[in-house]
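To start, the structure itself, in structure tokens.
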Amino acid sequence: MTSEEIVAKCQSSLGGDLVQAEVNLGDAVIYVSPEALPKAAEWLKNDPDLRFDYLSQITGVDYLEQDREPRFEAVYELHSIDHGHSIRIRVGLDEENPTVPTVTTLWKGADFPERELFDMFGFQVTGHPNLKRLLMPEDWEGHPLLKDYPLTIEEISFSHNPDHKSELIKTKSNQE
Amino acid sequence: MAEYFFVFIFAIVALGVIAGLLLLSSFLGPKNPNTEKDLPYECGMLPSEEAKGRFPVRFATIAMLFIIFDIEVVFMYPWAVALDELKIFGLIEMGIFIAILAVAYIYIWGRGGLEWD
Amino acid sequence: MSVTEQGLLERDKDTMTLNMGPQHPSTHGVFRMILEMDGEIVRSSEPDIGFLHTGIEKTAEVKRYVHCIPMTDRLDYLSPPQNNLAFCLTVEKLLGLDEMPARADYLRVIMCELGRIGSHLVWLGTHALDIGAMTVFLYAWRERELVLDLNEMISGVRMMTSYIRIGGVAQDATPQWIQGVREFVDIFPAKIDEYESLLTNNPIWMDRTRGIGTLAREDAINWSMSGPILRASGVKLDWRKQRPYSRYDDFTFDIPTQEHGDIYDRYLVRIEEMRQSREIIKQAINQLPDGPYKIQDNKVSLPERDTLHTSMEALIHHFKLVSDGVKVPPGETYVPTEGPRGEVGFYIVSDGSNTPYRMKLRAPSFMAIPGMCHLMTDSFIADVVAIIGSVDIVMGEVDR
Amino acid sequence: MGLIDQAVESIETEVNNLKLNAKDAFDQLGAEFSGAIYDSILTTKLGKIVGWAQKNALWPATFGLACCAIEMMAMANSRWDAARFGAEVFRASPRQADLMIVSGRVSQKMAPVLKRIYNQMADPKWVIAMGACSSCGGIFNNYAIVQGVDRVVPVDVYVPGCPPGPEALIYGIIKLQEKILNEAGTDKARQRVA
């Protein structure tokens with residue numbers, strides 16, 4: 001089925017929970033609220049002529065600098081092996097406590113990406129079998145991929161141009 | 001008695017070399033133990049439990065089977081060296097020896113001693 | 001609590017916790033697994049990753065688009081051209097350029113297929129070495145050196161070529177390189193037959209790989225496996241055929257699949273894939289069209305060096321591109337491509353400036369690890385090593 | 001009043017220097033008598049022989065982290081052949097290795113593991129920081145990467161490159177061999193083993 005047909009079918013049968021649906025650069029994209037995600041995902045997987053049985057990836061995005069209303073967003077990319085078409089679900093999460101229900105019951109491959117959402121963005125994934133840090137050490141504070149988390153660049157300590165060197169020596173001396 | 005003299009010398013020299021190597025290296029070598037170096041090596045992580053633990057019995061049976069067939073091979077060495085004097089008698093003798101052990105081997109195989117679980 | 005107290009507490013549990021840790025010869029990188037062992041059988045294995053986390057996705061948010069390309073080289077460091085292509089295709093889709101000059105597409109296909117062969121040779125060498133076949137390790141690296149020489153001849157670097165840029169490729173192909181590729185294409189099938197003669201009908205190899213780590217078709221789909229692992233379980237999904245990109249539909253090649261999905265089938269699929277990649281390179285190098293090797297729109301790709309001395313706007317374009325970089329219209333998209341390990345794709349969100357707002361790599365090895373650990377339950381410890389080798393994980397793209 | 005403060009201050013610095021010198025002298029003394037027999041017997045000539053033997057059998061510990069590990073494997077293979085320099089046997093366990101080639105980027109989670117592996121290696125041991133990432137953080141200057149492995153372990157030879165070619169790594173090993181031979185028999189070798 002082409003992207004337009006997928007979007008039309010989703011609007012017709014998921015109308016209530018769908019916040020918005022569009023075809024963006026040729027891909028079918030639907031926006032769903034977090035509460036409606038399990039139902040929508042269940043329907044997308046089991047509907048006979050959609051059959052999205054392959055979870056391609058889950059991504060987290062922090063829209064702090066673009067000051068969109070729901071600051072966070074979890075993006076699910078699904079693909080159907082038999083029909084060969086794909087869909088992207090974008091779930092907007094608000095800023096206070098971003099929580100999203102788990103989809104590991106539908107696709108067992110969602111275990112690691114959801115743990116990475118928790119580790120890198122701090123999203124609470126309700127119902128996840130063992131939700132703890134994946135990439136960062138256990139005792140790490142903060143979630144690195146948030147926009148307000150500093151990149152912690154380290155100042156270079158050697159420099160060949162003279163004026164920069166004097167300033168470096170000044171900062172180094174008052175550091176000790 | 002004279003011919004055993006050289007075997008005796010050979011044993012002394014062998015033991016001497018082994019003892020020498022062990023003693024010299026432990027005596028001359030630098031030693032500076034520190035707590036981290038004495039920890040058992042677990043691919044770079046802190047060991048999670050004592051090394052002893054309880055081992056399943058399968059390991060013991062496999063070890064016994066190995067020893068039986070290893071000894072069998074050890075007996076073949078002197079036989080193989082002296083085969084030209086022993087001629088046909090040696091061949092029959094070793095044939096019987098192997099046959100006996102083959103019966104044991106087939107029994108063990110049948111009873112599933114070689115499978116792991 | 002100290003080690004001894006822990007030991008005493010856990011005395012009554014009959015399993016032994018073995019730590020197959022980050023520094024281990026056969027975990028193919030810094031990958032750690034905590035195995036609950038009952039004698040020789042692994043009851044459960046819990047993976048622990050992140051020992052090579054480089055924060056590339058965070059660093060990419062402050063780099064310009066063209067600066068992200070060397071970053072993508074170091075994600076899946078066994079086939080860097082494939083990552084460059086995935087990144088550039090996504091950016092070009094955002095820019096709205098869907099037609100590359102034919103020569104650029106053909107050069108991209110040749111570099112990606114050479115990268116695939118190089119990556120499969122590393123897999124073959126280390127996988128066979130883990131199971132005990134030492135000679136295959138030396139044979140496979142002998143051919144990999146030929147691939148690295150071709151990389152060095154065209155891009156100046158052995159591994160991290162950064163050869164594929166936004167809007168085309170970095171430099172044009174020289175006649176010596178084309179001759180080198182032709183020679184490689186002629187001698188390679190005989191080499192694959194050499195590997196096959198060493199392994200395919202080798203009884204030890206068959207005992208160690210047949211019927212071990214089998215993954216059924218539904219499990220492979222449910223655990224989000226991709227690439228050779230999926231095709232070995234009977235799913236015919238290859239993004240070069242599913243959604244042809246970079247003129248892959250000009251070439252005739254077929255997708256090897258197997259039925260049982262055990263380690264032996266993954267080995268057969270990858271060996272056949274090397275033959276198909278060599279087939280693609282042969283067709284691509286023979287029909288290599290001449291013409292521009294990158295798009296002529298100077299808003300995206302640098303103008304020719306010699307035009308800088310004559311035309312003024314070429315100089316202006318060159319200066320703007322070098323100092324400011326290409327500006328990508330706002331939007332978000334994802335383009336799946338077929339890497340040696342599976343579906344590789346970048347999900348890029350752009351806010352109209354010249355730096356990506358968010359860049360995420362869809363890494364096939366990252367998605368395969370939970371499935372791999374599921375495969376290991378109730379298998380021997382020796383098979384754990386074979387299963388890791390057959391899934392062919394690369395820690396650079398797992399930990400990003 | 002200023003004079004008295006100056007005097008007090010100068011006396012303080014004086015005492016401070018004395019303490020520092022005493023500490024250095026004491027350290028020197030400690031190094032002098034460490035490993036007892038090992039030092040008194042080894043004259044410079046015999047030290048040279050020990051150095052010659054050590055340098056021609058540098059067994060690297062497989063510490064492959066990232067992309068440089070692939071080039072390290074290429075170095076051990078038939079075309080670049082590190083066996084010509086005695087560095088071909090890659091020991092998996094640090095107990096049997098005396099050279100650690102840190103090949104790849106060291107992340108914050110990996111640093112304690114690297115330190116533990118280094119401590120578990122038997123003396124005398126050397127470290128080669130292979131590639132830009134292990135020498136100085138390379139192109140990754142962010143929260144996740146240790147900016148240079150010399151913050152975790154003392155490094156003997158830095159090999160530049162990203163990844164350095166196998167011939168660059170072999171040149172690094174040759175440089176390390178020269179360093180071992182120059183240090184052999186001197187008190188530096190003694191301190192390395194102390």
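First the proteins, then the strands, lettered A, B, ... as listed; each starts at 1. Keep in mind it's a predicted model, so treat the numbers as computed, not measured.
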Report the option among Met159(C), Met71(C), Met395(C) that has the most heavy-atom pairs separated by less than 4.5 Å from atoms of chain D.
Met159(C)
With side chains defined as the heavy atoms from C-beta onward, is the minimum distance between Leu129(C) and Val136(C) less than 4.5 Å?
no
With side chains defined as the heavy atoms from C-beta onward, is the minimum distance between Phe184(C) and Ile117(C) less than 4.5 Å?
yes
What part of Cys162(D) lies closer than 4.5 angstrom to a heavy atom of chain C: side chain, backbone, both or neither?
both
Leu150(C) to Val181(C) - nearest heavy-atom pair and separation
CD2-N, 3.8 Å
With a 4.5 Å heavy-atom cut-off, do Leu65(D) and Val106(D) have their side chains touching?
yes
Partner chain D: residue of Leu78(C), Leu138(C), Leu52(C) with the largest heavy-atom pair count (under 4.5 Å):
Leu52(C)
Contacting moiety of Ala69(D), where chain C heavy atoms sit under 4.5 Å
neither
Step through the atoms of chain C and chain D and list each donor-acceptor pair whose separation is under 3.5 Å.
{"unit_1": "Gln23(C)", "atom_1": "NE2", "unit_2": "Thr62(D)", "atom_2": "O", "d": "2.8"}
{"unit_1": "Gln23(C)", "atom_1": "NE2", "unit_2": "Ala92(D)", "atom_2": "O", "d": "3.3"}
{"unit_1": "Asp48(C)", "atom_1": "OD1", "unit_2": "Lys109(D)", "atom_2": "NZ", "d": "3.1"}
{"unit_1": "Ile49(C)", "atom_1": "O", "unit_2": "Lys109(D)", "atom_2": "NZ", "d": "2.7"}
{"unit_1": "Phe51(C)", "atom_1": "O", "unit_2": "Ser107(D)", "atom_2": "OG", "d": "2.7"}
{"unit_1": "His53(C)", "atom_1": "NE2", "unit_2": "Tyr143(D)", "atom_2": "OH", "d": "3.0"}
{"unit_1": "Thr54(C)", "atom_1": "O", "unit_2": "Asn142(D)", "atom_2": "ND2", "d": "2.8"}
{"unit_1": "Thr54(C)", "atom_1": "OG1", "unit_2": "Arg105(D)", "atom_2": "NE", "d": "2.9"}
{"unit_1": "Gly55(C)", "atom_1": "O", "unit_2": "Asn142(D)", "atom_2": "ND2", "d": "3.3"}
{"unit_1": "Thr59(C)", "atom_1": "OG1", "unit_2": "Asn142(D)", "atom_2": "ND2", "d": "2.7"}
{"unit_1": "Arg74(C)", "atom_1": "O", "unit_2": "Arg105(D)", "atom_2": "NH2", "d": "3.1"}
{"unit_1": "Arg74(C)", "atom_1": "NH2", "unit_2": "Cys162(D)", "atom_2": "O", "d": "3.4"}
{"unit_1": "Glu145(C)", "atom_1": "OE1", "unit_2": "Arg79(D)", "atom_2": "NH1", "d": "3.0"}
{"unit_1": "Glu145(C)", "atom_1": "OE1", "unit_2": "Trp80(D)", "atom_2": "NE1", "d": "3.2"}
{"unit_1": "Glu145(C)", "atom_1": "OE2", "unit_2": "Trp80(D)", "atom_2": "NE1", "d": "3.4"}
{"unit_1": "Asp149(C)", "atom_1": "OD1", "unit_2": "Arg79(D)", "atom_2": "NH1", "d": "3.0"}
{"unit_1": "Asp149(C)", "atom_1": "OD2", "unit_2": "Arg79(D)", "atom_2": "NH1", "d": "3.0"}
{"unit_1": "Arg158(C)", "atom_1": "NE", "unit_2": "Glu71(D)", "atom_2": "OE2", "d": "2.9"}
{"unit_1": "Arg158(C)", "atom_1": "NH2", "unit_2": "Glu71(D)", "atom_2": "OE1", "d": "3.3"}

How about Pro356(C) and Tyr65(C): do any of their side-chain heavy atoms sit closer than 4.5 Å?
yes
If you count heavy-atom pairs under 4.5 Å between each of Cys67(D), Pro94(D), Ala92(D) and chain C, which one has the most?
Cys67(D)
Any side-chain heavy atom of Ile393(C) within less than 4.5 Å of one from Ile369(C)?
yes
Measure Ile117(D) against the heavy atoms of chain C and call it side chain, backbone, both or neither at under 4.5 Å.
side chain
Can you check whether Met72(D) reaches Leu169(D) side chain to side chain, under 4.5 Å on heavy atoms?
yes
Taking the six-membered ring for Trp, are Phe188(C) and Tyr195(C) parallel (under 30°), tilted (30 to 60°) or perpendicular (over 60°)?
perpendicular
Are the side chains of Ile128(D) and Leu99(D) in touch, meaning some heavy atoms are under 4.5 Å apart?
yes
